[in-house]
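Inspection log for the structure reproduced underneath, given as structure tokens.
Chain A is the first sequence line, chain B the second, and so forth, proteins listed ahead of strands; every chain is numbered from 1.
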Number of protein chains: 2
Amino acid sequence: MGDQLGDIVEGELVYINAQNAHEVLTIHEVHLRARLFADLIRLNALYMIARAGSGHIGSSFSSAEIFAWLYLNEIDGNSTFFSSKGHDAPSLYATLIALGRIDEEFLHKLRRIGGLPGHPDVTFSGVSANTGSLGMGISKAKGMIRAHRIRGEEHRVFVLTGDGELQEGQIWESLVSAANEKLHELTVLVDHNKLQSDTFVSQVSALGDLDGKFQSFGWDVQRIDGHDTDQLAHALARRSNLPRVIICDTVKGRGVSFMEHTAIAEGDCWYRFHSGAPTRSDYQRASHEIWTRIQRAMRNSGLVPPELSRFVSSPPSSAGSGYVHRLIDAYSEQLLEIGTSSDRLVVLDADLVKDTGVVAFAEKFPSRFIECGIAEQDMVSQASGLALQGMLPVVHSFACFLSARPNEQIYNAATERKKIIYVGSLAGVVPGGPGHSHQGVRDLAALSGIPNLVVLQPATEGETRNALKFAIKDLEHSYYIRLVSVPTRYEVEPSTEALQIGCGYTALGGDTRVTIVTAGPTLLSQAMSSSLQLKSQRSPQPRVVNMPFLNRVDREWLSQLCDGCETMIVLDDHYEDGGLGRRLCAEIAIMGLKTVPVVRAIETIPAFGSTDEVLRQHGFDVDAVSQLVRRYL
Amino acid sequence: MGDQLGDIVEGELVYINAQNAHEVLTIHEVHLRARLFADLIRLNALYMIARAGSGHIGSSFSSAEIFAWLYLNEIDGNSTFFSSKGHDAPSLYATLIALGRIDEEFLHKLRRIGGLPGHPDVTFSGVSANTGSLGMGISKAKGMIRAHRIRGEEHRVFVLTGDGELQEGQIWESLVSAANEKLHELTVLVDHNKLQSDTFVSQVSALGDLDGKFQSFGWDVQRIDGHDTDQLAHALARRSNLPRVIICDTVKGRGVSFMEHTAIAEGDCWYRFHSGAPTRSDYQRASHEIWTRIQRAMRNSGLVPPELSRFVSSPPSSAGSGYVHRLIDAYSEQLLEIGTSSDRLVVLDADLVKDTGVVAFAEKFPSRFIECGIAEQDMVSQASGLALQGMLPVVHSFACFLSARPNEQIYNAATERKKIIYVGSLAGVVPGGPGHSHQGVRDLAALSGIPNLVVLQPATEGETRNALKFAIKDLEHSYYIRLVSVPTRYEVEPSTEALQIGCGYTALGGDTRVTIVTAGPTLLSQAMSSSLQLKSQRSPQPRVVNMPFLNRVDREWLSQLCDGCETMIVLDDHYEDGGLGRRLCAEIAIMGLKTVPVVRAIETIPAFGSTDEVLRQHGFDVDAVSQLVRRYL
């Protein structure tokens with residue numbers, strides 16, 4: 001879920017390399033070895049996140065002892081382990097690298113192209129399932145166990161889940177048949193660290209009597225201190241003829257005093273280390289604390305601590321000329337402003353208040369703010385109930401989740417013919433750090449065919465404000481507003497025009513024979529830069545058109561646009577399926593226009609990596625766009 | 001869920017009209033009145049279903065006392081009631097008509113155009129939410145209550161759910177915040193009739209300790225006999241500061257001895273009256289039994305029974321020349337055959353074994369058959385786990401459910417790059433009886449943008465067999481096979497050719513200047529009939545092309561097809577978004593071909609009604625297609 005952006009930590013970063021990690025692995029006493037290995041995981045996970053500029057510290061730390069104990073004592077060649085929450089990927093990678101199951105070079109390439117994805121992916125050896133706090137883990141494990149049983153085999157499968165993740169309905173859906181069919185091979189460990197993306201689970205959507213819930217679903221339930229390897233060992237040793245869950249009480253950020261959730265000051269509700277990256281000073285304090293503890297523990301046991309490896313990080317300069325647009329900030333301000341004037345407006349969110357920009361609204365209008373937790377289906381059907389009773393619900397999540405998880409609920413609500421506004425942030429292929437589970441490049445496809453739903457993607461802060469106002473003012477349609485979350489730098493400010501359904505406008509003038517049409521800041525800025533680059537190279541400069549309406553085309557507008565336009569290059573920050581390009585192509589054919597369209601869209605499962613890496617990979621970097629234009633001008 | 005097709009019952013049908021129903025409503029003793037009203041509901045619901053030719057008898061009967069008691073004693077102008085399962089729509093309509101809240105003429109128009117939809121729709125007065133055993137009801141009720149609270153009001157909301165419906169994860173997702181926020185206005189009644197679409201809930205996915213589950217989720221729980229109005233009255237009178245659930249033990253088909261699930265013979269597991277229509281003799285026995293009980297009860301209390309109204313039904317003759325194709329039967333046979341030769345093949349289903357054609361496979365290969373219950377997300381992620389362990393899962397449900405509910409799970413599985421075959425039946429706009437929640441006309445849209453997923457829609461029995469063989473043989477792609485469930489009659493057999501990705505073929509030769517391209521039996525048969533009609537009228541006869549690949553276009557094939565083709569008319573049994581038409585249009589534009597495409601697709605929320613009514617409404621009847629062709633030839 002939540003995946004805040006951060007900055008790469010500058011300066012010296014430390015880690016324990018695979019060879020030196022071996023010293024910890026040779027310790028004979030199993031509990032000392034596991035505790036030390038857990039701290040090694042923490043140190044290396046912190047290194048990876050600091051170097052990547054983003055990742056989930058809190059969750060990687062809370063699960064460190066679980067990873068350590070399982071991998072050192074429970075998992076053998078016949079058993080399977082995977083984390084359903086997946087936020088702990090840095091801990092997983094640190095573990096697999098220390099064990100020699102992933103090459104050490106990957107330690108330096110978290111969230112970089114050709115490196116390790118932000119959430120687990122089976123393309124990497126040692127990763128058993130694609131996950132990312134999606135609530136799918138128990139179901140997948142059941143499928144695996146059924147496959148084993150069909151083959152007449154019996155293997156243990158261990159699944160680690162988050163506690164916020166337990167808000168997903170699929171979790172409870174998946175428990176039933178596991179109990180009915182006595183899938184005793186299955187052990188679920190809940191990393192019950194009490195916090196989810198935004199704040200305390202208890203404040204988002206309290207889990208209540210968790211032990212009782214699992215028991216009532218027919219599972220064998222144990223509850224332990226998840227940092228106590230002795231308790232872990234005992235709990236795992238117990239046998240049952242039922243599937244079993246071990247609820248591990250843990251501390252988010254465990255192992256670094258000021259990162260532990262128990263260190264949150266009274267009255268403060270925000271936890272700072274769920275995702276993103278630490279500051280330089282937080283990094284130094286944290287790594288020092290972990291490393292000191294490792295050294296002390298080893299010396300106390302008469303062992304020589306392993307040698308520390310060092311890397312000096314020099315992040316790319318983020319300065320640069322141009323105009324930076326932060327759409328989420330603009331959206332947040334506009335939502336607050338409209339909330340003041342319309343008392344019908346009700347805001348719903350699924351555990352992403354910070355990422356979706358609704359904190360200010362929630363604080364000012366608590367009675368009209370509904371925090372649904374990680375329960376998108378429930379959220380959308382609640383919105384449907386609110387709309388049926390005359391309210392105007394504005395529903396928030398990441399584009400990837402909002403368009404897919406409650407897909408049937410959104411269609412059902414559309415058949416009730418009441419107005420709902422959906423706002424999907426983290427839309428588009430960047431940021432590329434979190435990986436494909438979070439890259440919102442299929443939202444238009446998933447939401448196509450929803451009657452009366454207009455899709456609107458703003459490209460600037462001003463257009464973001466206008467988009468929300470426009471969506472609220474239009475009484476006839478429901479809306480899906482698609483928001484890019486990464487700040488975007490434009491070399492020059494794009495021209496803007498008032499929104500008009502189905503119409504785009506020229507954002508940067510140029511030769512109309514070749515026109516680039518796109519939507520959203522990521523590709524509009526690339527298209528404009530390409531046009532300026534071509535101009536500076538004394539090539540003809542293509543016209544660049546911003547088309548904020550992704551599923552409505554005004555035929556008169558298109559006809560004018562195509563007048564004198566030989567080639568229309570459409571750049572889609574999305575798969576070609578469901579994207580703007582194919583829609584414009586179809587209209588051109590139906591209208592019998594002479595313009596030949598060319599579509600550049602995402603063609604494969606999107607690459608992960610830095611923004612530059614990902615844009616280059618998909619042919620969206622300025623050079624690639626210019627090259628495409630040159631073919632036609 | 002399950003919605004078997006049936007035949008309109010021929011001969012005399014009986015009902016109690018609104019005026020005569022009034023006599024029951026004036027009975028003073030509340031329990032006698034409610035019991036008699038429940039039987040009136042049964043008699044009229046049975047009439048509606050017999051006349052419609054399909055509907056849910058078992059569920060309408062099991063909930064009759066609940067409807068009667070709630071509407072006669074609990075629901076006032078300030079309170080809201082709706083059924084989340086929605087299968088009991090005939091009972092709802094019978095109730096609202098008897099109470100004068102829906103005009104009596106609608107009693108005769110269940111599942112007919114301009115009449116009453118198969119599942120509830122808010123366009124009808126007295127219907128509060130669009131439902132249909134979708135697990136969304138509790139969430140919607142929460143939204144309604146939040147709207148009331150925002151306005152400073154307090155109103156009671158009653159939601160009726162099924163028991164099979166409790167397998168949906170959204171139900172459990174929705175319970176949490178209702179308890180945390182003490183939504184005491186909310187009362188959920190579970191019509192616990194022990195059977196879901198196919199068979200006993202306990203055999204599909206046993207609910208276990210239902211009371212304990214609700215209690216562990218923090219709800220106030222009561223359990224009663226749901227046919228005992230005294231117990232209903234007492235349970236509803238209890239106040240709580242928590243949301244409350246009243247689990248009503250009921251009998252499916254209650255009120256007609258041989259329709260009661262308790263009458264199922266030992267060793268038999270199928271219940272015959274979930275959906276569809278009764279036979280003539282079953283109808284006569286059932287209506288006689290209910291009517292006799294009403295008369296006896298009234299006379300015993302010194303009352304004069306109301307007069308019975310009669311209607312003589314003469315269903316349209318179903319005979320006719322031509323070739324009938326039943327795709328589900330062909331699919332069922334082929335699946336069984338392939339199951340014999342491939343032991344990697346595992347079949348998954350979500351409570352629709354009869355509708356999806358997997359009964360034979362399930363009986364022959366029980367160890368490779370997984371009945372998931374109404375839990376589509378769990379089903380797809382189980383398939384992902386099976387595929388990760390080397391199995392080839394074949395996943396079944398209705399197109400409408402399979403494409404939308406587990407949408408994120410299907411995408412997630414695609415990113416794991418393992419092969420899965422999805423089979424969506426009840427695809428397309430007909431049958432139109434069940435209404436928009438079940439009409440699979442958005443599946444292609446919802447499933448677009450799934451990497452590596454090929455969509456294949458067969459048009460004949462032979463092509464259905466080939467489609468499954470083709471999908472299994474192709475090791476590179478995952479597949480979505482789209483199956484029309486209604487039997488289709490072709491005037492002449494369409495020509496067929498071997499399947500080749502991205503290519504269609506001529507099903508009926510003709511003038512190539514105007515070519516009709518379509519997929520699936522429903523519209524291929526209409527297109528061919530139109531072509532034959534035009535020929536018989538001595539007009540030029542358009543060529544008709546069958547294009548079974550809905551999301552792949554071979555450019556060489558298209559180029560040849562367009563050679564000499566001035567107009568291509570694409571008929572889409574789907575919304576235009578995501579449909580074949582727009583894809584072909586886009587290719588034509590990109591390739592710079594001269595053919596002008598015309599797309600006829602579903603443009604609005606689909607109409608409900610008989611097959612003929614629905615096809616006519618959307619411009620798919622033979623005359624409308626011929627008219628369209630004449631514009632261009």
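Contacts between B/Asn130 and chain A at a heavy-atom distance below 4.5 Å involve backbone atoms as well as side-chain atoms. In this structure, chain A has a heavy atom under 4.5 Å from the side chain of B/Thr123, while its backbone stays farther away. Contact of B/Glu416 with chain A is made through backbone and side chain together, with heavy-atom distances under 4.5 Å. Of the two parts of B/Ile450, the backbone and the side chain both hold a non-hydrogen atom closer than 4.5 Å to a non-hydrogen atom of chain A. Only the side chain of B/Pro606 comes within contact range of chain A, judged by heavy atoms closer than 4.5 Å. Both the backbone and the side chain of B/Pro597 come within contact range of chain A, each with at least one heavy atom under 4.5 Å from a heavy atom of that chain. The contact between B/Ala414 and chain A is made entirely by backbone atoms, counting heavy-atom distances below 4.5 Å. The contact between B/Ala129 and chain A is made by backbone and side chain atoms together, counting heavy-atom distances below 4.5 Å.
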Side chain to side chain contact (heavy atoms under 4.5 Å, CB included) between A/Ile590 and B/Val598: does it pass, once the steps are laid out?
-> CA-CA 6 Å; A/Ile590 289 169; B/Val598 177; over 6 Å; no
Step-by-step side chain to side chain contact (heavy atoms under 4.5 Å, CB included) determination, A/Arg146 to B/Gln389 | CA-CA 9 Å; A/Arg146 289 177 191 278; B/Gln389 293 287 330; over 6 Å; no
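For chain A, the option among B/Arg442, B/Gln377, B/Glu181, B/Lys418 with the highest count of heavy-atom pairs below 4.5 Å is B/Arg442. Of the listed residues (B/Arg368, B/Gln409, B/His574, B/Met391), the one with the most heavy-atom contacts under 4.5 Å to chain A is B/Gln409. Options A/Asn180, A/Asn551, A/Leu210 differ in how many heavy-atom pairs under 4.5 Å they form with chain B, and the most are formed by A/Asn180. Interface check for chain A: of the options B/Arg583, B/Arg344, B/Met568, the most heavy-atom pairs under 4.5 Å are formed by B/Arg583. The greatest number of non-hydrogen atom pairs below 4.5 Å with chain B, out of A/Val176, A/Asn412, A/Leu584, is found for A/Asn412. Your options are B/Cys400, B/Ser205, B/Ser367, B/Gly208, and the one with the most heavy-atom pairs under 4.5 Å with chain A is B/Ser205.
You'll find the side chain of A/Gln170 reaches within 4.5 Å of the side chain of B/Ser381, heavy atoms only. You'll find the side chain of A/Glu173 stays beyond 4.5 Å of the side chain of B/Glu376, heavy atoms only.
Surrounding CD of A/Gln203 are more than 12 heavy atoms belonging to other residues, nucleotides or ligands, all under 6.0 Å away.
A donor-acceptor pair shorter than 3.5 Å cannot be found between the side chains of A/Asp378 and B/Ser174.
Using a 4.0 Å cut-off between charged side-chain N and carboxylate O, A/Arg582 and B/Asp577 make no salt bridge. Between A/Arg417 and B/Asp121, at least one side-chain nitrogen of the basic residue sits less than 4.0 Å from a carboxylate oxygen of the acidic one, meeting the salt-bridge criterion.
Applying the salt bridge (Lys or Arg N to Asp or Glu O under 4.0 Å) rule to pairs touching residues 206-215 of chain B yields B/Asp211-B/Arg223, sequence neighbours excluded.
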